[in-house]
Amino acid sequence: AGKKALNTAAYESAFHYFMSGLRLLESSKDSWQLQYQLTYDLHVFAAEASYLCLKYDQMEQLSEIILKNSKVLNDTIRVYEIKIKTLVAKHDLNGAVETGLKILRNMGVKFPKNPNPLHAIGALVKAKIRLLFRKDNIAELGLLTDEKFLSAIRIISGINSPAYWAKPDLLPLLILKVVNLSLKKGNSNYSPYNYAGLGLILSSLGFFKFADKIGLAAIRLVEILNAIVLKPRTYFVYYTFIKPWVSHIRATLLPFADCY
């Protein structure tokens with residue numbers, strides 16, 4: 001019932017359902033050991049519902065409990081994603097970015113403290129070299145299976161939007177980090193959007209045909225991976241910032257309607 005309410009944007013109802021479930025678990029002090037998945041799911045969904053209901057203190061309390069009891073990295077990443085979304089909702093964009101960067105540093109994924117265009121050029125050159133070795137067939141790469149790098153990509157994707165406003169010099173590095181990880185380790189559902197971001201960067205440098213090639217590959221990859229959640233963002237980047245440089249703008253109308 002809580003999941004159904006959450007999926008239909010009935011956030012207050014979802015919050016009360018999940019909290020009722022947690023109260024039922026209180027009778028078992030060892031629920032994290034005896035019923036880990038159920039206990040974890042209830043806490044995570046309750047934390048998400050708390051954030052969506054603007055109950056930020058409740059979200060923090062639940063998040064700390066989850067982080068204390070989580071058994072695997074992937075379980076902690078979901079909590080950090082909620083914490084980042086909460087900071088964005090509170091208009092603390094710098095805090096959201098810094099939280100994400102701190103988590104990434106703890107995972108061994110680092111970014112320059114003061115990013116500049118030279119850092120972006122270096123990452124772009126690295127991506128271009130990898131593309132040459134792959135013969136630009138990015139849609140045919142295997143899938144990313146390394147949990148550590150997949151978790152890092154999820155965090156990076158979570159701070160893309162706040163970085164656009166709070167630290168714009170960092171944004172190209174975030175995009176190119178996912179691109180380079182995807183080219184090296186394999187694609188994930190987050191890859192198409194970042195490949196489209198690479199196309200945007202190439203377009204800004206005047207490489208319109210190459211950008212269009214990368215953008216089209218990103219669109220194909222969305223369909224191959226059935227990455228429905230990131231399809232609108234991928235389409236938006238390609239048909240707004242890449243396609244109009246090589247085709248009439250009317251060619252973007254139907255895809256935009258489909259995306260909507």
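By convention here, the first residue in the shown sequence is residue 1.
- The two atoms that bring Leu198 and Ile175 nearest to each other are N-CG2, 3.8 Å, heavy atoms only.
- For the 3.5 Å distance criterion, the side chains of Gln61 and Asp57 fail to qualify, holding no donor opposite an acceptor.
- The salt bridge (charged side-chain N to carboxylate O under 4.0 Å, His left out) pairs that include a residue from residues 222-251 are Glu223-Lys231, Lys231-Asp258, where partners are two or more places apart or lie in different chains.
- Think of Val229 as one node in a network of Ile, Leu, Val, Met, Phe, Trp and Tyr side chains linked at under 4.5 Å; it has no links at all.
- Contact record, Ser50 with Phe15: OG-CE1, 3.2 Å, taken as the closest heavy-atom pair.
- At least one cation-pi condition fails for Lys85 and Tyr51: the charged atom is not both under 6.0 angstrom from the six-membered ring centre and inside a 45 degree cone around its axis.
- What you find for Glu147 and Asn74 is that their closest heavy atoms are OE2-N, 3.3 Å.
- For the side chain to side chain contact (heavy atoms under 4.5 Å, CB included) criterion with Leu62, the lone passing option out of Gln58, Met59, Glu60 is Gln58.
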Inset, instruction - Begin with the C-alpha distance, continue with both residues' side-chain angles, and end with the deciding distance and a verdict on side-chain contact (heavy atoms from CB on, under 4.5 Å) for Asp212 and Tyr238. - result: CA-CA 8 Å; Asp212 185 60; Tyr238 174 67; 2.5 Å; yes
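- A donor atom on one side chain and an acceptor atom on the other are found under 3.5 Å apart for Tyr36 and Asp75.
- Note: the hydrophobic cluster containing Val237 does not contain Trp165 (ILVMFWY, side chain heavy atoms under 4.5 Å, direct or indirect links).
- The two residues Asn180 and Ala123 come nearest to each other via the heavy atoms ND2-O, 3.3 Å.
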Inset, instruction - With side-chain contact (heavy atoms from CB on, under 4.5 Å) as the test, would you mind laying out the steps for Leu144 and Ser182 before giving the verdict? - result: CA-CA 7 Å; Leu144 174 62; Ser182 299; over 6 Å; no
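- At most 12 non-hydrogen atoms from other residues, nucleotides or ligands lie less than 6.0 angstrom from OH of Tyr17.
- Between the side chains of Ser20 and Arg23, at least one donor N or O lies within less than 3.5 Å of an accepting N or O.
- No donor-acceptor pair under 3.5 Å is formed between the side chain of Ser247 and the backbone N or O of Pro244.
- When each of Val222, Asn187, Val178, Leu200 is tested with Tyr195 by the rule side chain to side chain contact (heavy atoms under 4.5 Å, CB included), just one qualifies, namely Asn187.
- Under the rule for a ring-ring contact (aromatic ring centres under 6.0 Å, His included), Phe256 has no partner lying at least two apart in sequence or in another chain.
- Cation-pi contact between Lys167 and Phe111: absent, since separation from the ring centre below 6.0 Å together with deviation from the ring axis within 45° is not met.
- Ring orientation note: the planes of Phe241 and Phe236 are nearly perpendicular, at an angle over 60° on the 30°/60° scale.
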